[in-house]
Amino acid sequence: MTQTAPPTRPGRPLRVVVVDDHSMFRRGVSAELMAGSGSGGPGAPAVEVVAEAADVDEAVAAVREHRPDVVLLDVHLPGGGGVEVIRRTADPEIRFLALSVSDAAEDVIGTVRGGARGYVTKTITGPELLDAIARVADGDAVFSPRLAGFVLDAFAGAGLSADLASVDSDLDRLTEREREVMRLIARGYSYKEVAKELFISIKTVETHMSSVLRKLQLSSRHELTRWASDRRLL
């Protein structure tokens, strides 16, 4: 992502709420933002993390209480997901920037349609994230380079929207956590690797995987990989 110097806001830093259900990641992002805030020379964004939240209800309460400039929002959250946070805290003065491990087309498009101003993946660097927050606060739309194509295709009517409609009906059968497990398994992760990535036990991964196969009427992880690949979910 190309960095550009955002407009300065004299007198106060940008106020940010960080929403993610993994406490270690959430605290790490907050620390990174605070450490890098205002350190990049003239015009660099100054950021204040005013609250953190781990699920939809906590996020809604934090946003309503603090009315931040930007909400840094994970897509998959307990209680309904990131789009539910946007829906319940609809306010034209508050901008939402998705920060997710998922780079799946339906997550990107669904989150943007839900009201987010941007979507970046968790491979982003600290300085890039600060820049993205400042640009979103200023009204720009910000996306990781690979993800921008999904948005352009969908809103240009290039056929992706129709594909997503059929995918949505299948994915609606899965919980948010089952979707995360499904994508990682379909990409070739072992159960142990999925457990480590999602901070859950191997037994929990096995339980979710069994549920995914049953709900999608598939018989093996190989069929799941083909199913996900055919629907451009990898």
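Note that these values count all heavy atoms, side chains included, but never hydrogens, waters or copies made by symmetry.
In this structure, Lys215 and Thr175 have side chains that are in contact, with non-hydrogen atoms separated by less than 4.5 Å. With a 4.5 Å cut-off on side-chain heavy atoms, Leu216 and Trp227 count as touching. At least one side-chain heavy atom of Pro78 sits less than 4.5 Å from a side-chain heavy atom of Asp21. Side-chain contact check for Ile94 versus Pro68: some heavy-atom pair is nearer than 4.5 Å. Side-chain contact between Tyr119 and Ser100 is present, with heavy atoms from C-beta onward closer than 4.5 Å. Contact of the Leu129 side chain with the Leu72 side chain is registered, since non-hydrogen atoms from C-beta on lie closer than 4.5 Å. The closest side-chain heavy-atom distance from Leu99 to Phe25 is below 4.5 Å. When side chains are defined from C-beta on, Val70 does not count as touching Leu14, because their heavy atoms never get closer than 4.5 Å.
In this structure, the separation between CZ on Arg214 and CD on Glu178 is 7.5 Å, given to the nearest 0.5 Å. Atoms CG and OG1, on Leu73 and Thr111 in that order, are 7.5 Å from each other to the nearest 0.5 Å. For the atom pair CG of Leu97 and CZ of Arg135, the computed distance is 10.0 Å after rounding to the nearest 0.5 Å. Taking CZ of Arg177 as the start and NE2 of His76 as the end, the distance is 10.0 Å to the nearest 0.5 Å. Considering CG of Leu218 and CE of Met209, their distance stands at 8.5 Å, rounded to 0.5 Å. Residue Phe96 holds its CZ atom at 8.0 Å from CG of Asp91, rounded to the nearest 0.5 Å.
In summary, Glu84 and Arg87 engage in a salt bridge, as defined by a charged side-chain N under 4.0 Å from a carboxylate O. A salt bridge does not link Arg117 to Asp138: none of the charged nitrogens lies less than 4.0 Å from a carboxylate oxygen. In summary, Asp140 and Arg95 do not engage in a salt bridge, as defined by a charged side-chain N under 4.0 Å from a carboxylate O. A salt bridge links Arg88 and Asp57; the closest N-O separation between the charged side-chain nitrogens and carboxylate oxygens is under 4.0 Å. Checked for salt-bridge contact, Arg187 and Asp103 meet the test: a charged N lies under 4.0 Å from a carboxylate O. Of the charged side-chain nitrogens involved, none lies within less than 4.0 Å of a carboxylate oxygen, so that Glu48 and Arg12 do not count as a salt-bridged pair. Taking a cutoff of 4.0 Å between a charged side-chain nitrogen and a carboxylate oxygen, Lys196 and Glu193 do not qualify as a salt bridge. Under 4.0 Å is where a charged nitrogen must lie from a carboxylate oxygen, and between Arg183 and Asp107 at least one such pair does.
With no hydrogens or angles considered, a side-chain donor-acceptor pair links Thr204 and Ser201 at under 3.5 Å. In summary, the side chains of Glu180 and Ser102 do not present any donor paired with an acceptor at a separation below 3.5 Å, with no hydrogens or angles considered. A side-chain N or O of Glu128 and one of Thr125 form a donor-acceptor pair less than 3.5 Å apart.
Hydrophobic clustering, with ILVMFWY side chains joined whenever heavy atoms are under 4.5 angstrom apart, keeps Val101 apart from Leu174. No path of Ile, Leu, Val, Met, Phe, Trp and Tyr side chains, each step under 4.5 Å between heavy atoms, connects Val71 with Val136, placing them in separate hydrophobic clusters. Under a hydrophobic-cluster definition in which Ile, Leu, Val, Met, Phe, Trp and Tyr are linked whenever side-chain heavy atoms come within less than 4.5 Å, directly or via other members, Leu224 and Tyr189 are assigned to the same cluster. Tracing side-chain contacts under 4.5 Å through hydrophobic residues (I, L, V, M, F, W, Y), one never reaches Val29 starting from Val19; they form parts of separate clusters. Transitive grouping of hydrophobic side chains (ILVMFWY, heavy atoms separated by less than 4.5 Å) brings Ile133 and Met34 into a common cluster.
Here the shortest heavy-atom pairing between Leu198 and His22 reads O-NE2, 3.3 Å. Closest heavy-atom contact between Met182 and Ala228: SD-CB, 4.5 Å. The minimum heavy-atom distance between Ala116 and Ile86, with the atom names listed, is N-CD1, 3.8 Å. Nearest heavy atoms, Val120 versus Ser144: CA-OG, 3.3 Å. Closest approach of Tyr191 to Ile202, counting heavy atoms only: CB-CG2, 4.1 Å.
No donor-acceptor distance shorter than 3.5 angstrom exists from the side chain of Thr89 to the backbone of Val63, with no hydrogens or angles considered. In terms of modelled atom types and a separation under 3.5 Å, the side chain of Asp69 and the main chain of Arg15 share a donor-acceptor contact. Checking side-chain atoms of Ser211 against main-chain N and O of Thr207 turns up no donor-acceptor pair under 3.5 Å. Judged purely by atom type and a 3.5 angstrom limit, Glu32 has no side-chain atom pairing as donor or acceptor with the backbone of Gly28.
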Output, in order, the C-alpha distance, side-chain angles, deciding distance and verdict of side-chain contact (heavy atoms from CB on, under 4.5 Å) for His208 and Ile185. CA-CA 11 Å; His208 286 316; Ile185 291 293; over 6 Å; no

Would Val50 and Val17 satisfy side-chain contact (heavy atoms from CB on, under 4.5 Å), going step by step from the backbone distance to the final call? CA-CA 6 Å; Val50 296; Val17 169; 3.8 Å; yes

